Amino acid sequence: MTQAEVDDTLKRIQEHKGVQGYLIINNDGIPIRSNLDASLTQQYAALIKSLSDKARSTIREIDPTNELVFFRMRTKKHEILVAPEKEYTMIVLQATDVQ
Amino acid sequence: MSAPRTPTKSAGSKESESRNSRGSIGPAGTPPIGSGKRRSTAGSQLGSPVARSGTASVASPSGTRDKLNSATLKQNATSPVPAVKSATERVEIAENAQFLPSGIHTIFISSATQQAMQLCVDEDLTQENNAKMIDKEILLNDIQTNGQGSNFYEFQQQIQNYPENEIAIIYDYDYFYSQNFLICFDPKLKKFIENPPVTLPIQESDEVEQYVPPVPKKWISLGSEVEIDNERLILNRSLKSFKIKVPTRISTTLTPNEKFKDVDPDIDRKKNFISIEQYDDKQFDLRKMELDLAIQAAPEHRENFSQTIWRYPKNQWTQYEARSFTEDEKAKSMTDPELINMVVTSKDLFKEALQQNIIHDPFYIDWNELGGNLDGLGGPGDSHLKEYQSFSSIKQSRDKIVTCVQWHPTLRGIIAVSLAAGQGFDERTDNLSRINTSPPLILIWSFVDPIQPKLYLEAPDDIQCFQFSPTDPHIIAGGCVNGQIVMWDIKEYEERIRNPRGDHRDKDLFIPGFEDENFFQTPHIRFCAVSSIEHGHSEPITDLQWIPDHYQVTVQGLPTENLAMNCSQIMTCAFDNQVLFWETRVPRAGIKPLSKKEREIINPMGVPLTFKHLDLIWKPFLRVTLQSPETGTVEFAPRKFSIRETQGDRDVLNQEDKELFEKKKDTSLGQFVNPLDDPNKTLSQAKAKVLQNVDTFFYIGTEDGQLVYQDWMPQKDQDSTKFFTPKAAWSTIVVDGPVVALKRSPFFKDVILVAGGWMFQIWREKIHSGSLLHAAPLKEKITDVEWSPTRPGVFYISKQNGSIDIWDIIDRTHDASLSQSISSSSVTFLSIKVISSKQQLLAAGDSNGTLHILEVPWALRQPVNQELNLVTNYLERETERRAFVKHRWDLREEEKREKERLASMKAGIAPSHISTQEEIDIRMKSEYNEFLQFEFGVLREMGLRDENEAPTVTPAAT
């Protein structure tokens, strides 16, 4: 898989109904790629990163052999989808009231 | 137990022996080794005789064995009972015996037996070496030879049963257990006696330990030094030193301001110094030599609390910059295979989640959307209007009808009612010459006092309509029957209105000079100004409205922004075919404030001078004269009008440049100030911008039941260059009587409810092909209508028979959902007000001068689920239907034209169509064919022709 295909995948995710944006951050919470505006990116990167770390440690505490793969947060306005991997984390925002 | 034993002791040793042995058997059953528990309790009791015996060596009551050891060296073995011991001691000794382990018994051995058995005290046995093993046989022999005289006789059975050969005899040195010897029948204890367990601790302490200096072992490395090295903190930069300074507490209270100075004692000795000389007090000569003192040492115990304020230096703010990558770094990360891998693996997860949300919303709560209002109209809930209060003034309301009802825009529970005589035109003209002693009034009621109105507003003539200024609620404008506009200013009485108390004792509320007669009476307030008779309406004013505060109308009819954001213009209409616009503000600066004296001269009634500049000279600044589009027909006599803009609706401004307003918005008080107070407040709207979005078209309902769509903006006549009102854009007769109400829906600006006669219709602005809703005529004449302010689909219709119909177009559109009788006489005016989210009041005035306040039930207040959508859809549907109807009209029109053309063609009288020769030939030919057919039919009936001989019809050649 090349970078072009990554772009393609991201584009496809973006094209889903109600998707407001995505961002990819590294393990230090530094945004690598985002299509949100700068300040929002910064906020999501920092805040979601700490949340996902906490979530991951929760899962690991309960069962050390387990691993957090994906979590979704439903809010009044959006749904935040987070996929924390070892080195990178991907976040997608989707509007809740798609209809 | 000790009381009966004491005489036995003194009586004889044998007796006491047997007693003691029995006593010691008593607590048997506990093994000697396990008796440690008991020993601890025993120890404290054992302690006292040991101390008394004077032997220092027995300090520790650690075991029976120690006791036995300690009891060796006593010399008085020959005497069975120690003579020196007192009775109480003996009792204690006897008690000691019971603490012997089971299996050991006290025994008295006489000196003869001692010698025979080599048990001689101080020879064979000493205090230290106090035990001896005696062969079982020897003891049994002794019993046999001596019989009952043997010392061992009572233990014969136990000796015989003893499993081992040797029995331990222990010497009780100080008669601790009441006899000089102890005999042991327990083999375990015997072993214990044979081999005493440890050396005595007292002997241990005697030994002087020699100090041997420890020799360090050779250190062998196992790798820990590396760990230590790793743990070591190595500074790779110089230590930073911070100086943290806590501000010292400087309190003025702690360091008082007093200053001390040296004073010379010689100068003012008498003043400042009192010398107290030393002397001996004889009273204390008796010296205390001895003192009885008792001190109880108590452990010191204190409980203390203290709360400290934790004032430590801490960082309150930290500023940092979010880390971010440069473009290169980002690009580099993007090529990271791990990132690519992450995107690949999480792609499906995202896709699944995203699609799931589209397909089904798991957080959708059906119950919420269901809406709990099953008790809507037609349901079980109460949906009837409830009488909340009613106001009727005995004096003022008689023979009067309520012409208008207005709620106070800001104060709660204040409502104004205008009363009029309700005479017809003829009656009025008849009564013109009579002097009316009681002027017509507007009554201002408060909910707290349903008996007496708060204020009476006097009017020059009957008031048909009035309105509070929406931005300055103390200003009231009213339209008179005589065509004049009347202004009141009740600013001075606002406190009185607001005051919930029924009695009005507050002197400040009264105008000077009125206190005496009117002290407890409702004040009558004279109007401030009336408009000029010549320039105003010549017929009764039927409708009056303040122009919303967000725009104003210029002399040219242009809507411009209102920089003051205050309502200052009034729009009125009357039967004299006119709609007039009035300006209330002072036209120009330069009016000098009057002095107080002048004011009193001009103003004997104490009327506020707010509108002095208008009184009797007030002219409308814009006239809209209504003309019918068709010449020769009757002109429109407006009765009600409705403009598109509503008070408080800032949409138009939002569409315009918003910033301009925010900058200039004047938040000061209302512009209607008494010129005495602020003469400089004048009309200065020089730079006002024209608002393009304000619609200058408005609807007028006329006396003849017409609905007229009219532009108020005057047009310039090409020839005369004069401005005149354009002809009505559209008009049609909609209702079968004078229009009594023309109300726009509070939810849809372009939806108008028009009522008059026995009918009402709902129209939509600019859809002039017909009404959206057209109900069948009611049985009673409609007097007024009112939209519900919270339910888009509900409106109220008051009728002449005193009932109110409630229509809910969601429920049904052909008939009223509910009809309720309110009054015995005709309901004349409706006005609704949202008091709070839980209360809505409908004011209904009737033709008896009574004002009914009705509480709107929950079902009529609370919109049903999706009501706005439903009503919007309904109106959209109806609008579409109108478009369709119009389309069909056009079609039908065309069809009709076509039909007419054909008909006329057929009849041959089409004047526009002259047939050519060919067409005449065709027509003649077809006529001939018809004749042939007819001939054939006749002949066949007569039986002259056969079926097969039908004439060949030659088609008409073209």
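All of these numbers come straight from a predicted model, not from anything done at the bench. Quick note on labels: first sequence line is chain A, next is B, and so on, each numbered from 1.
Between the CG atom in B:L349 and the CE atom in A:M90 there is a gap of 10.5 Å [rounded to 0.5 Å]. In this structure, CD in A:Q94 is found 4.5 Å from CG in B:L354, a value given to the nearest 0.5 Å. Here NZ of A:K86 is found 13.5 Å from CG of B:L339. Values are rounded to the nearest 0.5 Å.
Top candidate by heavy-atom pairs under 4.5 Å with chain B, chosen from A:R72, A:E87, A:R12, is A:R72. Chosen from B:A353, B:S333, B:A322, the residue pairing most often with chain A at heavy-atom distances under 4.5 Å is B:A353. Each of A:V19, A:L10, A:L81, A:V69 has some count of heavy-atom pairs under 4.5 Å with chain B, and the biggest count is that of A:L81.
The closest side-chain donor-acceptor pair between B:R323 and A:Q42, if any, does not fall under 3.5 angstrom. No side-chain donor from either of B:N341 and A:Y88 sits under 3.5 Å from a side-chain acceptor of the other.
Of all heavy-atom pairs between A:V6 and B:M334, the closest is CG1-CE, 4.0 Å. Residue A:Q3 comes nearest to B:T335 through the heavy atom pair OE1-CG2, 3.6 Å, listed as atom of the first residue, atom of the second, then distance.
Looking at B:Q356, only its side chain comes within 4.5 Å of chain A, counting heavy atoms on both sides.
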Pair A:F70-B:F350, ring pair (Phe, Tyr, Trp, His ring centres under 6.0 Å): steps then yes or no: CA-CA 9 Å; A:F70 190 73; B:F350 277 112; 5.1 Å; yes
Check the pair A:H16 / B:I358 against side-chain contact (heavy atoms from CB on, under 4.5 Å), numbers first and verdict last. CA-CA 9 Å; A:H16 269 92; B:I358 304 282; 5.6 Å; no
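Contact annotation: the side chain of B:N357 never approaches that of A:K17 to less than 4.5 Å [non-hydrogen atoms, C-beta and beyond]. In this structure, B:K351 and A:I13 have side chains that are not in contact, with every pair of non-hydrogen atoms separated by 4.5 Å or more.
Interface residues of residues 24-33 of chain A toward chain B, defined by a heavy-atom distance below 4.5 Å and sorted by number: A:I24, A:N26, A:D28, A:I30, A:P31, A:I32, A:R33.
Residue-environment remark: CD (B:E225) exceeds the threshold of 12 foreign heavy atoms within 6.0 Å.
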